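Notes for the one structure printed next.
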Amino acid sequence: MSKISQIHGKCFCEKYRYTIRGELKRVVHCHCNNCRRSVGAPFVTWIVIKRDQYSIQPEPKSHTAKNKAIRTFCEECGTSLTYAHPNRSDFIDITAGTVNHPDSLNPDWHIWGKHKVEWVRMNDHLPFYDIFPE
Ligand SMILES: [Zn+2]
Ligand SMILES: [Zn+2]
């Protein structure tokens, strides 16, 4: 588990800036088809935290998918910012690629490995789950 007191991040054009406060619940690499498509990358690394640990200015645009997942993004530069789902309403996931110092993160798991793109090869020896393990 990563223990960092405060993390700052921003979108590519710097319109949106955010702060994460307190201990991170988890950092996961998600290989699911929805993350792949919505971000446009073979997998997406997420910082999982409680909603009240996160603040962003201004309030970003959002898209709600058929499965009710809500993703926020910058409408100026296209950066993906967050993921949230009503089934996990206490939590919000932040794109790890948007933090200012991503080297400070320590990923914990891979999830949705059953959707992993074949040419993505991992040798980090982290737990690798076929689906979401909770
Ligand atoms: Zn932007
Ligand atoms: Zn995903």
Side-chain angles (χ1 to χ4, degrees):
M1 188 169 299
S2 308
K3 289 188 172 135
I4 304 165
S5 60
Q6 210 173 73
I7 293 175
H8 298 279
K10 58 193 177 191
C11 69
F12 186 48
C13 77
E14 306 186 5
K15 172 173 181 173
Y16 294 99
R17 294 168 185 270
Y18 65 83
T19 302
I20 297 169
R21 290 178 182 79
E23 194 175 315
L24 309 182
K25 178 176 169 63
R26 194 165 285 129
V27 177
V28 302
H29 300 298
C30 184
H31 298 269
C32 86
N33 291 336
N34 293 345
C35 286
R36 175 174 54 78
R37 180 78 68 182
S38 71
V39 173
F43 65 94
V44 181
T45 307
W46 296 106
I47 298 168
V48 181
I49 52 171
K50 292 279 181 84
R51 276 176 193 268
D52 62 7
Q53 295 178 259
Y54 175 73
S55 57
I56 186 163
Q57 289 294 330
E59 192 61 35
K61 298 277 187 285
S62 66
H63 171 266
T64 303
K66 275 176 263 177
N67 71 357
K68 300 190 169 60
I70 302 164
R71 292 172 192 262
T72 65
F73 58 93
C74 174
E75 78 281 16
E76 301 288 340
C77 68
T79 300
S80 294
L81 293 165
T82 67
Y83 171 97
H85 196 284
N87 289 352
R88 307 160 54 231
S89 57
D90 287 352
F91 293 96
I92 188 165
D93 305 341
I94 318 300
T95 46
T98 60
V99 308
N100 291 349
H101 301 290
D103 287 338
S104 65
L105 302 172
N106 291 298
D108 298 292
W109 296 342
H110 294 268
I111 61 171
W112 290 101
K114 71 176 191 177
H115 292 173
K116 187 181 75 60
V117 176
E118 277 190 28
W119 43 258
V120 170
R121 308 259 195 269
M122 297 295 181
N123 66 351
D124 55 20
H125 307 294
L126 294 177
F128 206 102
Y129 298 101
D130 269 358
I131 58 170
F132 187 74
E134 283 180 331

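Every value quoted in this text rests on a predicted model; they were computed, and no experiment measured them. Remember, it's 1-based here, ligands and their atoms both numbered in the order they're listed.
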Practice task
Determine, for D93 against R88, whether the closest basic-nitrogen to carboxylate-oxygen distance falls under 4.0 angstrom.
Solution key: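 Looking at D93 and R88, the cut-off is met.
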
Problem - With F43, the side-chain contact (heavy atoms from CB on, under 4.5 Å) member among K116, H115, M122, H110 - result: M122

Exercise for the section: Measure the acute angle between the ring planes of W109 and F132, then classify it against the limits of 30° and 60° as parallel, tilted or perpendicular. Expected result: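 The arrangement is perpendicular - the two ring planes meet at more than 60°.
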
Handout entry: At the Zn ion (ligand 2): angle between C30 atom SG and C32 atom SG, to 10 degrees
Key = 110°

Practice task
Using the Zn ion (ligand 1) as the apex, give the angle to atoms SG (C74) and SG (C13), rounded to 10 degrees.
Solution key: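 Rounding to the nearest 10 degrees gives 110°.
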
Practice task
Answer with yes or no whether the side chains of S55 and T19 bring together a donor and an acceptor at under 3.5 Å.
Solution key: no

Handout entry: N, O or S of H31 under 2.8 Å from the Zn ion (ligand 2)
Key =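 No, since none of the N, O or S atoms of H31 sits under 2.8 Å from the Zn ion (ligand 2).
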
